[in-house]
Amino acid sequence: MKKGDHLFLVDGSGFIFRAFHALPPLTRKSDGLPVGAVSGFCNMLWKLLTDARDTSVGVTPSHFAVIFDYSSQTFRKQLYDAYKANRSAPPEELIPQFGLIREATRAFNLPCIETEGFEADDIIATYARQAEAIGADVTIVSSDKDLMQLVTPNVHMYDSMKDKQIGIPDVIEKWGVPPEKMIDLQSLTGDSTDNIPGVPGIGPKTAAQLLEEYGDLDTLLARAGEIKQQKRRESIIANADLARLSRTLVTLRTDVPLDMALDALVLEPQDGPKLVGFLKAMEFGTLTRRVADACGCDAGAIAPAEVKVEWGESARGPDLDPGDSDGPPEGITVVDGAISGAVEAAPDALPAQGPHEGTTPADLAKARAELFAAEKIDLSSYVAIRDVATLDIWIAAARETGLVAFDTETTSIDAMQADIVGFSLAIADNTDDPRGTKIRAAYIPLAHKAGTGDLLGGGTVENQIPLAEALLRLKDLLEDPSILKVAQNLKYDYLLMQRYGIVVRGFDDTMLMSYVLDAGNNAHGMDSLSERWLGHKPIAFKDVAGSGRTGVTFDMVDIDRATAYAAEDADVTLRLWMVLKPRLTAQKLTTVYERLERPLVPVLARMESRGITVDRQILSRLSGELAQGAAALEDEIYQLAGEKFTIGSPKQLGDILFGKMGLPGGAKTKTGQWSTSAQVLEDLAATGHELPRKIVDWRQLTKLKSTYTDALPGYIHPETRRVHTSYSLASTTTGRLSSSEPNLQNIPVRTAEGRKIRTAFISTPGNRLLSADYSQIELRVLAHVADIPQLKQAFSDGIDIHAMTASEMFGVPVAGMPSEVRRRAKAINFGIIYGISAFGLANQLGIERSEASDYIKKYFERFPGIRDYMDATKATARENGYVETIFGRRVHYPEIRSSNPSVRAFNERAAINAPIQGSAADIIRRAMIRMEPALQAAGLSARMLLQVHDELIFEVEEGEVDKTMPIVTQIMEGAAMPAIDMKVPLKVDARAATNWDEAH
DNA sequence: CCCCAACCGTA
DNA sequence: GTACGGTTGGGGG
């Protein structure tokens, strides 16, 4: 070694303990050997070496050694019997790992150094001083304060956990004294972990103050009588000998006899095959691949090294095949290559069915559910990760197990507006056999703020990983498709991370899994799932951040409380996955989940993030017009009523109409009030009263104003200047999406007044809005599932379906058919889809119930297949408790057997409707999933923006409209294929214009 | 501040 | 008769 060389000394023992305590327990897959600390150690060492060999960093070691404690008597123990006496024995799982870690060091081709009778710190001290004397630089890889006494201008420490160099100023900042006084300081303060006594009552602050005043320990002890504070003075005088003993104990020896000279520590090149062999023996798949890649060797060709361990029997039997091979729903051929590219494959680290867990998927699912229901969730085990190195260890652990639950905490419920505040992770040590599995969860705070202390709103809380560093690591984790990320309502996190430049790949969503399994049975929010499956009530958000006036954003929440809340969410999510995943398999619903639910997450996230332009001016002008119209009507209404009242109050309106004015009341609401519904008012208007008509008009205008023209501008995003709705994938029972904040699925279209609102939805300059909607999709689905010859024929021939129905029923020729006849047939057709009742049809058509009953009877005579379908659907619903769409989606009706006839009838109608509405919903979902790849393949830049149940709206460059239209139409019309070969063609109408009204 | 009923916009 | 979400008024705490 010569001047200018650089020696790295790694505190191996420190590494081991930090790796062990920071990491979830990990066991070797094949025999249950605990290897968590080995894994952490190897990952840390690999990272250190790759960073250190990276010459761009500037610190390049020429010499390198890993130093361990030798596990026997040390000279300190001989000197002071109580030294480290309060240390408990190392944990049982750690014992076999000590030897493995030394093996690992050798596999890394690094000197592995230990000397009997001395601690690692003394060896490090000896090497450091020797190297320094030659004129070399030294980096001690440790953050242990016991080593800080060694720091000089040429000797630095490096805290790999925090990725931080520790030099003289850092020691002074931390302890208030320079490194050369660390010995004196420690002599006074002692060290409870090593059982070094020190002087009672003197802590680091006092010690630093005393050393500042008296210079050094000897002077202080000699002049102790001068100390003003009585207690302090007496304690120091009485314990001077303890201080001197402590000094001997904390002073590191620099005269340890060394087996290896400095020159022997020269950093050798990596021996790739040797290291790969070791890592393979440990079954560290990810690190093995990385090392093999970096060293340019073929991992497959290298045999696992033979590693001897003092660890006898195998803890568990061999793993079985993953039990994840469920077939498609009955009668459905799934050869759906067209969309496979859009679905990320999950890694195979899925629950295998162990023999103890039962032999059928259903047994496994049951066992899982029972296991997790019985296990108590321990909130005290959660940790906050506040340094990069610990985060790296967790991420490495996620890589090893291939499975991690993930959740973000932000400042807003709206993913388009939210800023990330932190995120949480949960990891299971054994994803193959959850019996006895330990789940570890952590919260990583990133942007928590200190209280609202001053006018500036308080500062940032210290010791949070810088956002940019965290995002870099998060990107690695989230974008790696080989690591399965599990989230609850992933679309939120997906959208959020997308805004930070991260695209999540390889994921599951417990909310969607529950939706597929239990639509109709229960809600799919995390709190309800947790209570249902884990018997655990998670901490309520409002208990952490408050709500309403006293509520705060999550960045204002204290980190300890935030950790409990956030880590619990990740923990619960992982547990839910463990319960729900095998249920998907057992119920043969994996295909539905993987084809119809999961792939839609990125699609919807992109649609939401694109948003649509809404013209403020148009809305503002409309709002003014509506206000004028409403004001004029109000005057007239007050005139007619003879007094002022709150027109918008149905109660007050009822009193005026049916009390004061004595009009004949029609229907009553379920609370016994007179109904003032539009239907009732229309009926009154038909009898010649003026007021009801004006109320109806007033309601229309105020409705349009309050719900649309006034509300929509408030949803324009401050930065994108567009409106971003939020789609819910799991809030309808049938499989439809829902839209909220704002709801863009109920923008008016029926009346001319209402349609004006659609003109405010516009394309940006140079573009067009393209609207494509399915024609009569639900009736087509009905024709398919009920197999009705006349309907199939009519759709194939492209004739007017309602006219055909009327013609069949009433014997009226289609040509020259009166519009009233067609209207009635149309109402019946819709009635059928809704699970017709004579009561409902009579209501709809304003005819007698008996007449409606006759219509229905006639309809069933003409289309007996429909009655058969309805009866069969009701029967299956009653028998199974659920019905299915043509793609196998299940919709449950737990109350279908209710003894209450109206409850039962309601459930029957819903059960009849669900396969029709739900199959149509599945079809458009399939179209949406295929749409983006199809457009891309055609080289088109069209962006899908909105979905309104049977309609898709795109923004298309002006010049691409003609090419886009046939692609969109074709994807939509072919969306059922090849899973279902529809007996009826699907038809799509498409139009493009500069606003939604004209495009529709 | 929260919740419900009534009403009404969409498919 | 199916499936939703938003606004208002009004009652309760």
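Here the structure is a predicted model, which is why all the values come from computation and not from measurement. Within every chain, numbering begins at 1; the chains are lettered A, B, ... in the order of the sequence lines, protein sequences first and strands thereafter.
As judged by a 4.0 angstrom heavy-atom cut-off over every strand, A/T676 is placed among residues touching the sugar-phosphate backbone only. Across all strands, A/A911 comes closer than 4.0 Å to no nucleic acid atom at all (heavy-atom distances). Among the atoms of the strands shown, none is found under 4.0 Å from any heavy atom of A/S728. Among the atoms of the strands shown, base atoms are found under 4.0 Å from some heavy atom of A/R736. Within the nucleic acid shown, A/G831 comes within 4.0 Å of at least one base atom, counting heavy atoms only.
A donor N or O paired with an acceptor N or O is not found under 3.5 Å between the base of C/dG5 and the side-chain atoms of A/N743.
No side-chain heavy atom of A/I762 sits under 4.5 Å from any side-chain heavy atom of A/L769.
Contact annotation: A/T707 side-chain N/O to C/dG5 OP1/OP2 distance is not under 4.0 Å. Within the structure, a side-chain polar atom (N or O) of A/T671 is placed less than 4.0 Å from OP1 or OP2 of B/dA6. Of the side-chain N and O atoms in A/T732, none sit less than 4.0 angstrom from OP1 or OP2 of C/dC4. For the pair A/S547 and B/dC2, the criterion of a side-chain N or O lying under 4.0 Å from OP1 or OP2 is met. Taking 4.0 angstrom as the limit, A/T734 places none of its side-chain polar atoms (N or O) nearer than this to OP1 or OP2 of C/dA3. Distances shown here put a side-chain N or O of A/R750 below 4.0 Å from the OP1 or OP2 atom of B/dT10. At the phosphate of B/dC8, OP1 or OP2 sits under 4.0 Å from a side-chain N or O atom of A/R699.
Counting only heavy atoms from C-beta on, A/P748 has its side chain closest to B/dG9 among B/dG9, B/dC8, C/dG1. Of the candidates C/dT2, B/dA11, C/dG6, the closest approach to any side-chain atom of A/A910 belongs to C/dT2. Nearest to the side-chain atoms of A/Q700 among the listed nucleotides C/dT7, C/dG5, B/dG9 stands B/dG9. The listed nucleotides are C/dG10, C/dG5, B/dA11; the one nearest the side chain of A/S649 is C/dG10. Nearest to the side-chain atoms of A/K651 among the listed nucleotides B/dA11, B/dC7, C/dG11 stands C/dG11. Each of B/dA11, C/dC4, C/dT2 was ranked by its minimum atom distance to the side chain of A/F906; first place goes to C/dT2. Set against C/dG6, C/dG9, B/dT10, the side chain of A/T646 has C/dG9 as its closest nucleotide. Side-chain proximity of A/R549 to the nucleotides C/dG1, B/dC1, C/dG10 is greatest for B/dC1. Relative to the side chain of A/S837, the nucleotides B/dA6, C/dG5, C/dG1 differ in distance, and C/dG1 lies closest. Considering only the side chain of A/Q917, C/dA3 comes nearest among B/dC7, C/dG1, C/dA3.
Annotation: A/Y869 is not in aromatic contact with A/F863 [ring centroid separation under 6.0 Å not met].
The aromatic rings of A/F541 and A/F554 lie parallel to each other, with less than 30° between the two planes, well short of the 60° mark.
The CG-C1' distance, from A/D773 to B/dT10, rounds to 13 Å in whole Å.
The partner of C/dG13 is absent, by the rule that a Watson-Crick or G-U pair needs both atom distances under 3.5 Å.
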Worked verdict on A/H717 versus A/Q417 for side chain to side chain contact (heavy atoms under 4.5 Å, CB included): CA-CA 8 Å; A/H717 192 285; A/Q417 309 258 2; 3.7 Å; yes
